[in-house]
Amino acid sequence: MSSDLMHCVLLSRTTDLRKYLKDEIKRLEGRVAFVDHLDGTNAADVRMAVGWHPHADAFDHYPNLQAACSIGAGADSILACPSLREDIEVVRVVEPAQAQMMSGFVIFHAIWHQRNFATYFAHQRDRIWKRMGQRTTQEVPVGILGYGAIGARVAADLAALGFPVKVWSRSAKPTSEGVTGFHGADGLNAMLDDTEILVNLLPLTTETRNILNAALFAKMRRGGYLIQVGRGEHMVEQDLLDALDNGQLAGAALDVFLAEPLSKEHPFWTHPGIVLTPHDACDVTLPAVGQTILATAEALKAGVKPKDAVDRMRGY
Ligand code: GLV
């Protein structure tokens with residue numbers, strides 16, 4: 001066995017990572033040896049992991065594990081694992097193509113709302129010919145929660161279409177042309193004021209859990225629209241249903257949910273104000289995951305901090 005071979009364990013209780021990463025596992029052969037969880041490999045040889053919703057005790061089995069890579073932009077399912085040790089670097093995938101895909105997804109829903117497509121869709125079904133009138137993008141302010149690589153791309157693209165764009169982040173950040181920045185608790189209220197379309201792109205942390213609730217919806221422009229592409233745990237589901245039913249929100253596009261897959265009985269499926277997709281807004285590409293795994297393996301061999309390691313204090 002080459003001493004250069006990095007042992008990387010596949011840790012997931014929800015996804016068959018060997019199958020999902022099949023081509024990347026093949027491509028990295030000779031540089032990274034992928035082992036299955038508890039398959040009898042000498043656990044002491046394992047220095048890194050690829051994870052997505054790992055078992056609660058997963059990390060207890062690997063005393064020399066130094067880094068765990070997510071298979072997505074979010075690393076929250078690894079960070080939430082009770083057996084994750086403080087000294088393990090958690091690495092997420094950062095890929096410009098993912099930001100571009102997310103931007104297209106958000107733009108579709110923003111225009112769906114701005115141009116009344118839900119109404120036209122319903123009218124076509126009933127053969128109703130009725131012009132709904134038009135509003136320019138300039139008349140529809142968009143607020144974005146989260147201004148990382150993905151938020152920045154979405155904000156710039158919406159601004160280029162003419163939407164007034166406001167972004168909110170934990171700390172102050174420079175913004176691109178046509179984008180107004182807000183930060184901190186006071187900044188959040190100011191950002192929400194008169195926001196008609198709210199896009200959630202926040203990482204999931206203790207501070208952001210349940211942030212999408214009745215009090216927040218009440219601060220938006222009445223008849224607003226929510227585009228929820230963060231994590232299900234960001235939203236109080238009943239508060240969304242109430243805001244839709246009392247008219248505070250006119251509609252919502254939901255891609256993420258508290259429990260996935262969404263149960264067949266869930267009221268979101270049939271609510272007339274909701275358009276939903278099965279956590280499919282935009283995945284990182286598999287080559288990007290492979291690249292992150294390889295770069296992390298190389299960083300461990302070189303004894304340096306892996307690129308795109310999460311700041312454990314901030315939680316993203
Ligand atoms: C998707 O949810 C991701 O984290 O990339």
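In listed order, ligands and their atoms are each counted from 1.
- For ligand 1, the 4.0 Å heavy-atom shell contains residues Trp52, Gly72, Ala73, Gly74, Gln98, Arg231, His279.
- Using a 4.5 Å cut-off on side-chain heavy atoms (C-beta onward), Leu240 and Leu249 make contact.
- When only modelled atom types and interatomic distance are considered, His183 and Ser169 share no side-chain donor-acceptor pair under 3.5 Å.
- Applying the side-chain hydrogen bond (donor to acceptor under 3.5 Å, both in side chains) test to residues at least two apart or on different chains, the pairs with a partner in residues 91-108 are Glu95-Thr285, Ser103-Asp157.
- Judged as a side-chain hydrogen bond (donor to acceptor under 3.5 Å, both in side chains), the pairs with a partner in residues 69-88 (not counting sequence neighbours) are, in order, Asp76-Arg231.
- Using modelled atom types and a 3.5 Å distance limit, the side chains of His37 and Tyr62 yield a donor-acceptor pair.
- Within the structure, side-chain hydrogen bond (donor to acceptor under 3.5 Å, both in side chains) pairs that include any residue of residues 107-119 comprise His113-Glu196 (at least two apart or interchain).
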